[in-house]
Number of protein chains: 2
Amino acid sequence: MGITKTEHFSENQNTIAKLLKALGHPARIAIIEYLLKVETCICGDIVNELPLAQPTISQHLKELKNAGLIKGTIEGNTICYCIDGNAIQYLKNYLEDIYKILQSQKKNCC
Amino acid sequence: MGITKTEHFSENQNTIAKLLKALGHPARIAIIEYLLKVETCICGDIVNELPLAQPTISQHLKELKNAGLIKGTIEGNTICYCIDGNAIQYLKNYLEDIYKILQSQKKNCC
DNA sequence: AATGATAATCGTAATATTGCAATATCATAT
DNA sequence: ATATGATATTGCAATATTACGATTATCATT
């Protein structure tokens, strides 16, 4: 029915899925990579960097922000966006955990 | 227009986004976690573990498989599913790289 | 106050996703 | 041969996502 049954899954599973989903679009990956590159947070020029219209980018930024992957603070008449390290760390740890468990298992098939 | 403009982004960005998108659903996270738990690859009982109908789970499995996150091999009249460690490692490395770069930057805002 | 620059929001069209009932497929047991 | 059990596919309804033009809001600078 087009609606995800979040209530049937654990809070952790929903949190992880939400973060990963927010990153699951090339434009949003590109935004993250750009934010990482420029280092400084004055980021009004994302629009010039990406091949998408300004409203589209604004929408992608909103989604990244909703998911908690970036933070934005008003800075005069521009907005200062930057990556939230905690969210990245959370995902990194999750994947490291999965990887570690996989490594510890003796492969007996596939 | 509802269609992602993949052609405007790098191959790497599209690959990462595709993997993350495939993981960006609680049911698929639950499937991965279950596959991790059972260790052995005979995994026909995912349907009994998750609160979703059999066709829905079959569809989620297909998406994980298309993204390259799991492998499935026919084993008589059951199917043996297991996680593809390479895909997990790829994502893990990507997030570790981002995290490392973040750590190396001196925070001056946000 | 008027102007300009920047970014968010609204509205809408096109497409994708989620979920399931019904059905199909296919290996194996009877 | 036929029934059974396991998984895949089809078809469809409900909802979500993607993208952008038009507009609006906000604020710094005239």
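Atoms considered below: every heavy atom in the structure, side chains included; atoms not considered: hydrogens, waters and symmetry mates. Order of the sequence lines sets the chain letters (A, B, ...), proteins ahead of strands, with each chain counted from 1.
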Would you tell me whether Asp45(A) and Tyr34(A) have side-chain atoms, one donor and one acceptor, within less than 3.5 Å of each other?
->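 On atom types as modelled, these side chains qualify, holding a pair under 3.5 Å.
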
For DNA chain D, whose closest nucleotide is more 5', that of Gly24(A) or that of Pro55(A)?
->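 Result of the comparison: Gly24(A).
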
Do [X] and [Y] come close enough that some side-chain heavy atom pair is under 4.5 Å?
| X | Y | result |
| --- | --- | --- |
| Leu91(B) | Leu20(A) | no |
| Phe9(B) | Leu52(A) | yes |
| Ile32(A) | Ile70(A) | yes |

Using side chain to side chain donor-acceptor pair (under 3.5 Å) as the criterion, list what pairs up with Ser10(B), not counting sequence neighbours.
->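 Side chain to side chain donor-acceptor pair (under 3.5 Å) check on Ser10(B) returns Gln13(B).
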
Is the CD atom of Glu11(B) crowded by more than 12 outside heavy atoms at less than 6.0 Å?
->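 12 or below, so no.
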
In whole angstroms, how far is the [atom2] atom of [N] from the [atom1] atom of [X]?
| X | N | atom1 | atom2 | value |
| --- | --- | --- | --- | --- |
| Ile57(B) | dT9(D) | CD1 | P | 15 Å |
| Leu50(B) | dT18(C) | CG | C1' | 15 Å |
| Arg28(B) | dT17(C) | CZ | P | 9 Å |
| Lys18(A) | dT17(D) | NZ | P | 12 Å |
| Asp45(A) | dA5(C) | CG | C1' | 14 Å |
| Ile31(A) | dA19(D) | CD1 | C1' | 13 Å |
| Glu49(A) | dA7(C) | CD | P | 13 Å |

Would you mind telling me which of dG19(C), dA7(C), dT18(D) lies closest to the side-chain atoms of Gln54(A)?
->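 Side chain of Gln54(A) sits closest to dA7(C).
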
Selection from dT17(C), dT9(C), dA8(C) that lies nearest to any side-chain heavy atom of Lys21(B) =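 So the nucleotide nearest the side chain must be dT17(C).
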
Cationic N near anionic O, under 4.0 Å, Lys92(A) to Glu96(A) |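 So Lys92(A) pairs with Glu96(A) through a salt bridge.
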
Tell me what Leu52(B) touches on the nucleic acid: a base, only sugar-phosphate, or nothing, going by heavy atoms under 4.0 Å.
->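 Leu52(B): backbone/sugar contact only, no base atoms under 4.0 Å.
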
Of the residues in residues 58-65 of chain A, which ones touch DNA chain C at a heavy-atom distance under 4.0 Å?
->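 Contacts with DNA chain C under 4.0 Å: Ser58(A), Lys62(A).
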
Please tell me if [X] has a side-chain N or O lying less than 4.0 Å from either OP1 or OP2 of [N].
| X | N | value |
| --- | --- | --- |
| His25(B) | dG19(C) | yes |
| Thr56(B) | dC20(C) | yes |
| Tyr81(A) | dT6(C) | no |

